[in-house]
Amino acid sequence: MNIYNDFKNQIFEIFLKVTKNNNKSLDDIHTLKEKFTVELPREESHGDISTNICLVLSKIVGLKPIELAILMKSNLEKLDCFVGISIEGPGFININLENSFWHEQILKILKLKSKFGRSEIFLNNNINVEFVSANPTGPLHVGHVRGAVIGDVLSNILKMVGYNVTKEYYINDAGNQIDVLAASVFIRYEELITKNKAEIPEGYYPGEYLIQLAKSLYDVHGDSLLNVDKLKSLELIKKFSIEYLLNQIKDDLKKLNIEMDKYSSEKKLVEDLSVEKTIQELDKKGLIYIGVLPSPKSNAEDWEPKEQTLFKAKKFGDDEDRTIIKSDGALTYFASDVAYHRDKLIRTKGKLINIWGADHSGYVKRMTAAVNAIADKDGQLEIKLCQMVNLIKNNKPLKMSKRAGNFITLNEIIDEVGADAIRFIMLTRKNDQVLDFDFDKVTEKSKDNPVFYVKYAHARICSVLNKAEQLGYDTEKNNYDLSYLNNDVHLKLCKILTYWPKVIETSAIHKEPHRVAFYLIELSSVFHSLWSLGREYDELRFFQKENDASTYANLNLLKAIKVVICSGLDLFSVSAPQEM
RNA sequence: GCGCCCGUAGCUCAGCUGGAUAGAGCACCAGACUUCGAAUCUGGGUGUCGGGAGUUCGAAUCUCUCCGGGCGUGCCA
């Protein structure tokens, strides 16, 4: 239920009628419809609905915008609910709607409840959202949180518009870093048994979490791993460590209210020869060759040209061709990444989304190139980058060094501020904007803290509804006469609530979950205004002692607000408490 | 050097993907609690949208160029 789309269709019908273009092909109709907009104007004096159709489509029919507008106006006036139609500026058509129209929307919301906001515009489309995908070499830290939340909430939003969503985590459990991990664990294991404090060599994982891991390893295997062939031990430690760390990661995600649908293993792709097959497939397409990369523009001192196996990424928009097999015969990580994306494409039969940290921005082009090559068409992969998060405490930035133990884990933050605050705050900034996460602010009980502000609005509504029940009002019943809701603030709330499906839709189309957060804050703000107006004007109080019908109208409006706030917080997996 | 992102009010940020007079919050000042929760609300003013050029009915938004900041940049992992 998106009234703007409904009106768009009606307005377009009229356009076709007055310009005698009824015989357009479906394709034409689609492209014409893409061109103009029907929206709630920013400026209230521009009416309830505004369209630029005359400005955009007048040329096509050989008219001036104003001429077309005049032609359309008389036809628009015949439609229901349209009370004031005016032509403004260079040829905008602004339309006002009867109050009753907005009141009906409230009743629709109450009927649909949590289904309000859902749409079917992408019904039965498949989509795979890959996010987090942190290497299983340590616990999750703040760097991962933002992507985790954005990926999870985006998935929820996509579900609301009809997508079949798979939330996926790619485990980099093969390659050199895992060897290093195992060797690092071995050092800790040795340390534990020999009680000699270990030196952690350069390049190894120094984190103290490995001490705990080594203890678990000892609990299971005793000191037996010291006495057998070290290669064998390391192989066993590898498996053990990955499982241990991955379980830890899963636990952390669970604490953040995130559950993945699928975990994919890189190791498996190497073992079942998917990587080889992928390279063969690209080779068949003539996209693989043996060659030498050009010398890099900087730091070229120790550059040596070497022959290696390359993928023709340049042909698909990348800056260079990219190495698939190194000169020493080993596969690059890029090779298994390509295989992984091929695997996802085959499984998904739809589009792919990757949520990456901004530090991976250099890989966007090559990955997109590879997916375009495999899929034989563009646009199957969309990569959303999220910028870094600055932690702030006592007005000072918390600097994390990569040295041992000196990073803040996700777990620690959850324990300190709670999952709700983390999730909400991560969505209060556009994903490509750097975000400050202020420990003090996010737990503050004030307007400064959007999490609190929105939850508080919900709690206040619940408190009124409880009171209503105590006073003997039937809060379950809808379908009351809402004509009492005729104040500007009432109508503003109706309009904002009606806008909800559109918010979901644009968030889904542009993959921008932050829009939902801003919307919820705005909605809460107008609600708080209405509440306070009741202090000043008796007729704006929710309970009208002499007039039950008016009271019920108010209660219905509040219930509608509650429906939308709950849906929004539900999308975020943030709780909506009855009282605070 | 190259690539990506960012630059909007004193500060933190939106701006419906090209729309009309560019909007919020914070901070600052002044007000509102015997009432449905004052953890809130109401007023009060702020802009060379980093600079310049271009595209058109119309640009914060698209293109080019320059300036400033962040991140990333070899067969890494």
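So you know, we letter chains A, B, ... as the sequences are listed, proteins then strands, and number each from 1.
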Taking only the [atom1] atom of each, what is the distance from [N] to [M] in whole angstrom?
{"N": "U55(B)", "M": "C62(B)", "atom1": "C1'", "answer": "8 Å"}
{"N": "G70(B)", "M": "G31(B)", "atom1": "C1'", "answer": "43 Å"}
{"N": "A59(B)", "M": "G52(B)", "atom1": "P", "answer": "15 Å"}
{"N": "U73(B)", "M": "G50(B)", "atom1": "C1'", "answer": "26 Å"}
{"N": "C29(B)", "M": "C13(B)", "atom1": "P", "answer": "24 Å"}
{"N": "U8(B)", "M": "A60(B)", "atom1": "C1'", "answer": "7 Å"}
{"N": "U42(B)", "M": "G25(B)", "atom1": "P", "answer": "8 Å"}

Let me know the distance between [atom1] of [X] and [atom2] of [N], rounded to the nearest Å.
{"X": "Ile242(A)", "N": "A77(B)", "atom1": "CD1", "atom2": "C1'", "answer": "14 Å"}
{"X": "Ile509(A)", "N": "U17(B)", "atom1": "CD1", "atom2": "P", "answer": "9 Å"}
{"X": "Asn390(A)", "N": "C13(B)", "atom1": "CG", "atom2": "P", "answer": "9 Å"}
{"X": "Ile496(A)", "N": "A24(B)", "atom1": "CD1", "atom2": "P", "answer": "12 Å"}
{"X": "Arg366(A)", "N": "A77(B)", "atom1": "CZ", "atom2": "P", "answer": "13 Å"}
{"X": "His46(A)", "N": "A22(B)", "atom1": "NE2", "atom2": "P", "answer": "11 Å"}
{"X": "Arg541(A)", "N": "G37(B)", "atom1": "CZ", "atom2": "C1'", "answer": "11 Å"}
{"X": "Lys502(A)", "N": "U17(B)", "atom1": "NZ", "atom2": "C1'", "answer": "12 Å"}

Using only heavy-atom distances, determine whether the side chains of [X] and [Y] contain a donor-acceptor pair under 3.5 Å.
{"X": "Asn354(A)", "Y": "His360(A)", "result": "no"}
{"X": "Gln387(A)", "Y": "Asp432(A)", "result": "no"}
{"X": "Glu469(A)", "Y": "Thr475(A)", "result": "yes"}
{"X": "Asn135(A)", "Y": "Gln177(A)", "result": "yes"}

Nearest to the side chain of [X] - [options]?
{"X": "Asn52(A)", "options": "C75(B), A39(B), G19(B)", "value": "G19(B)"}
{"X": "Arg460(A)", "options": "A39(B), C4(B), U40(B)", "value": "U40(B)"}
{"X": "Arg42(A)", "options": "G15(B), G23(B), C41(B)", "value": "G15(B)"}
{"X": "Ala459(A)", "options": "G37(B), C41(B), C75(B)", "value": "G37(B)"}
{"X": "His510(A)", "options": "U17(B), C36(B), U56(B)", "value": "U17(B)"}
{"X": "Gln308(A)", "options": "C75(B), C16(B), U42(B)", "value": "C75(B)"}
{"X": "Tyr453(A)", "options": "A77(B), C41(B), C13(B)", "value": "C41(B)"}
{"X": "Asp432(A)", "options": "C36(B), C5(B), A77(B)", "value": "C5(B)"}
{"X": "Lys430(A)", "options": "C16(B), C75(B), G15(B)", "value": "G15(B)"}
{"X": "Pro90(A)", "options": "C16(B), C41(B), C57(B)", "value": "C57(B)"}

Tell me whether the NZ or CZ atom of Lys393(A) lies within the 45° cone about the ring axis of Phe439(A) and under 6.0 Å from its centre. yes
Could you let me know what [N] is paired to, Watson-Crick or G-U wobble, both distances under 3.5 Å, or none if it's on its own?
{"N": "G47(B)", "answer": "none"}
{"N": "C26(B)", "answer": "G10(B)"}
{"N": "U17(B)", "answer": "none"}
{"N": "C71(B)", "answer": "G3(B)"}
{"N": "C76(B)", "answer": "none"}
{"N": "A60(B)", "answer": "none"}

So for [X] and [N], does any side-chain atom that can act as donor or acceptor lie under 3.5 Å from a complementary atom in the base?
{"X": "Ser361(A)", "N": "C5(B)", "value": "no"}
{"X": "Ser50(A)", "N": "A20(B)", "value": "yes"}
{"X": "Asp319(A)", "N": "G3(B)", "value": "no"}
{"X": "Asn449(A)", "N": "A39(B)", "value": "no"}
{"X": "Tyr333(A)", "N": "C76(B)", "value": "no"}
{"X": "Tyr363(A)", "N": "C76(B)", "value": "yes"}

State yes or no: are the ring centers of [X] and [Y] separated by less than 6.0 Å?
{"X": "Tyr289(A)", "Y": "Phe311(A)", "result": "no"}
{"X": "Tyr473(A)", "Y": "Phe543(A)", "result": "yes"}
{"X": "His528(A)", "Y": "Tyr456(A)", "result": "yes"}

With a 4.0 Å limit, can you tell me whether Asn135(A) has a side-chain N or O closer than that to the phosphate oxygens OP1/OP2 of A77(B)? no
So, Phe92(A) and A20(B): ring centres less than 5.5 Å apart, planes less than 30° off, yes or no? yes
